[in-house]
2 protein chains.
Amino acid sequence: MNTPDIPMAGLSIAAVERDTGLAKDTLRVWERRYGFPAPARDGRGERVYPAEQVDKLRLIRRLIDQGMRPARLIDLDPDALTRMLEELGGAPASAASEHGARLESLLELVRLHQPEALRDGLQQLLMKMGLQPFVIDIVAPLCTRIGEAWLRGYVDVPAEHLYTEQVKGILRTAIGVRSTAARGRPAVLLTTFPEEQHALGLLMVEAMLTPEGTCCVSLGVQTPLDDICSAAAAGHYDIVAVSFSSAYPLRHAIDGLRSLRANLPPTVELWAGGAGLRTAGRKLPGIQVFTSLEGIPAAVNEWRKAAGIQP
Amino acid sequence: MNTPDIPMAGLSIAAVERDTGLAKDTLRVWERRYGFPAPARDGRGERVYPAEQVDKLRLIRRLIDQGMRPARLIDLDPDALTRMLEELGGAPASAASEHGARLESLLELVRLHQPEALRDGLQQLLMKMGLQPFVIDIVAPLCTRIGEAWLRGYVDVPAEHLYTEQVKGILRTAIGVRSTAARGRPAVLLTTFPEEQHALGLLMVEAMLTPEGTCCVSLGVQTPLDDICSAAAAGHYDIVAVSFSSAYPLRHAIDGLRSLRANLPPTVELWAGGAGLRTAGRKLPGIQVFTSLEGIPAAVNEWRKAAGIQP
DNA sequence: CGCATCATTTTGTCCTGGACAATGTGTTAT
DNA sequence: ATAACACATTGTCCAGGACAAAATGATGCG
């Protein structure tokens, strides 16, 4: 009934699904179409995946997340796949920027799993810079750097998680301190669509909004569309803000935003942003699209001017 | 290719799998054998589950988690199922308990979407009670209450999200204040398995551990198994702690924990807990299973005694 | 009466192979 | 260069059969 993974010879299809994130159906259909993976079979005729094949599947999955397609990848050997991942990392990003060196040293702390030093370092920068510049110049670029480094295999998953958790802790603390009894306008409802899991992006937005004196309420990630509507109407919010990570399918974002705009009371503004909307600039009438965090404070002032409200 | 959840008429089989934790195969085989669920079909012949059936599936799943078996449940109507849950839950939860009235009033704040009042109320209780009792007597029971209320349709999804977010903020702030430069022993690595998304459970554990003076590092949710191993080894942790929500398939939890135990250095203890493991007491040799949050401080002392370390 | 052993039912997961729509890619016409 | 179209790729769904693990019930024994 269940599949004990004890026979170290290989993994069951359920275990591979768990480890690679590829659905059982997908694993079977790849085998049928491409001849890979080619698992052995146990006495019952059930698939038994050797570890090397699972490793290769993991590499392929990463490349697919980057936009590659399975047919081009499936016949390559692991070395070639690894090389592709490294190249794809691409942009040397920061070295030039003002905080470049700082970012590099933080990245090293992440890579070497130093939670305390990382937190102390971040905390210190936050104190020195203030919340908004900290988010714009440190947290956001570091997210990008770590994402690239992860693609290249330079940092591993736990390191990335570690960073995310430490930053979440720090941002929440900073927001918590500032927002006690905030009751300003605009009142902003903040969340993501159901398939979107990137909580950190949401938190960065909240960190940009709170110091502006807005009344910012986050529902966290993955709120169903119609629930966003009902919550917005029930809570008398001025603005609904939705965040999309780069992994979010652009098509879904656009469809969802249009449908949301249609169902939302016209008096409620709809703001959307995040790496997932980079290219979707003007296709969204009636919706304010942000391509970077910097624009948020100005947009708040804009709203206040239009509404005739002084901060 | 993928299934956008936009048509509000009903849910796809994949969406129901997500919402109920019942595998697609299980949903199909129940339909074949018992005649329930009996989803409609769309133009392509694909299953479309009405909301009421999904609600009933959720009830059934909860009862199965309690040890019941599907055949006895599947023909009962939702009211009967709800009654069974209430009886089986044993503890009449609120009315009798010391904090019953308090919980009820907080539940009302959640239901009516009052983020500020909710936060103030929680914050006040935290100050008064201290972190650990606050988690045990307020946060955890309120989670259960809200879960039940949500099943009954008494609170909606945004309300639940609102509660989760407010509590996350408060707990993180409390933990952040206490944990600056904590370097005690045991050093605990905290995370969940890849399919598990319940961040709040993790945070409650962290809130129980931090005041004990442990060095508690959270990787957040959804860390792949082998990454947990490598992180545990690299970071010189004493304990790896994994949390499971009630929605997590018990079999997956057991498989995963066994495999984790086998691959972890023997000197590293493995702790597991959460509603998802209620029934899985003794099947896990070499793993410490927690059925409630209360046991955590004692277990930490236990560990220190065994290791010959004074707090 | 408690407890171990065995037979029977229940139940979840895996299998095969077919189908199809959403998405991506390449080509041609404006 | 952009738009419109045809063609290829790809993930998810479906049906219905099979089987072993777990739960349940029956039986015998100390």
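Every chain is numbered from 1 and lettered A, B, ... according to where its sequence line falls, protein lines coming before strand lines.
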(request) Quantify the bending of the helix from dC1(C)-dG30(D) to dT30(C)-dA1(D) as the angle between its end axes, each fitted on five pairs, to 10°. (result) 30°
(request) For the pair Glu160(A) (side chain) and Val155(A) (backbone), establish whether a donor and an acceptor sit closer than 3.5 Å, ignoring hydrogens and angles. (result) no
(request) Applying side-chain hydrogen bond (donor to acceptor under 3.5 Å, both in side chains), name anything that partners Ser292(A), two or more places apart in sequence or on another chain. (result) Glu294(A)
What are the two closest non-hydrogen atoms of [X] and [Y], and how far apart are they?
X         : Y         : answer
Thr223(B) : Gly220(B) : OG1-O, 4.1 Å
Lys56(B)  : Phe36(B)  : CD-CZ, 3.5 Å
Glu17(B)  : Leu27(B)  : N-CD1, 4.2 Å
Leu189(A) : Ala231(A) : CD2-CB, 4.1 Å

Gap between atoms [atom1] and [atom2], on [X] and [N] respectively (whole Å):
X        : N       : atom1 : atom2 : answer
Leu63(A) : dT10(D) : CG    : P     : 14 Å
Ile60(B) : dG12(C) : CD1   : C1'   : 15 Å
Asp42(B) : dA21(C) : CG    : C1'   : 11 Å
Leu27(B) : dT12(D) : CG    : P     : 16 Å
Leu73(B) : dT11(C) : CG    : P     : 9 Å
Met68(B) : dT10(C) : CE    : P     : 16 Å
Arg72(A) : dT9(D)  : CZ    : P     : 9 Å
Arg33(A) : dA8(D)  : CZ    : C1'   : 11 Å

N/O (side chain, [X]) to phosphate O (OP1/OP2, [N]) under 4.0 Å:
X        : N       : answer
Lys24(A) : dC14(C) : yes
Thr26(B) : dT13(C) : yes
Tyr34(A) : dT10(D) : yes

(message) If you only use heavy atoms from C-beta on, which nucleotide in dT11(C), dG11(D), dC13(D) is closest to the side chain of Trp30(A)?
(response) dG11(D)
(message) With a 4.0 Å cut-off on N to O distance, would you call Glu31(A) and Arg41(A) a salt bridge?
(response) yes
Could you pull out the protein-nucleic contacts involving nucleotides 15-18 of chain C (nitrogen or oxygen on both sides, under 3.5 Å)?
{"residue": "dC15(C)", "atom": "OP1", "partner": "Arg47(A)", "partner atom": "N", "Å": "2.7"}
{"residue": "dC15(C)", "atom": "OP1", "partner": "Arg47(A)", "partner atom": "NH1", "Å": "3.0"}
{"residue": "dC15(C)", "atom": "OP2", "partner": "Arg28(A)", "partner atom": "NE", "Å": "3.1"}
{"residue": "dC15(C)", "atom": "OP2", "partner": "Arg28(A)", "partner atom": "NH2", "Å": "3.3"}
{"residue": "dC15(C)", "atom": "OP2", "partner": "Arg47(A)", "partner atom": "NH1", "Å": "3.1"}
{"residue": "dC15(C)", "atom": "O5'", "partner": "Arg47(A)", "partner atom": "NH1", "Å": "3.1"}
{"residue": "dT16(C)", "atom": "OP1", "partner": "Arg41(A)", "partner atom": "NH1", "Å": "3.3"}
{"residue": "dT16(C)", "atom": "OP1", "partner": "Arg41(A)", "partner atom": "NH2", "Å": "3.2"}
{"residue": "dT16(C)", "atom": "OP2", "partner": "Arg47(A)", "partner atom": "NH1", "Å": "3.1"}
{"residue": "dT16(C)", "atom": "OP2", "partner": "Arg47(A)", "partner atom": "NH2", "Å": "2.5"}
{"residue": "dG17(C)", "atom": "N7", "partner": "Arg32(A)", "partner atom": "NH2", "Å": "3.0"}
{"residue": "dG18(C)", "atom": "N7", "partner": "Arg32(A)", "partner atom": "NH1", "Å": "2.9"}
{"residue": "dG18(C)", "atom": "O6", "partner": "Arg32(A)", "partner atom": "NH2", "Å": "3.3"}

(message) Return the CG to CG distance between Leu190(A) and Leu203(A), rounded to the nearest 0.5 Å.
(response) 9.0 Å
(request) For the residue pair Phe244(A) and Phe193(A), categorise the inter-ring angle as parallel (less than 30°), tilted (30 to 60°) or perpendicular (more than 60°). (result) perpendicular
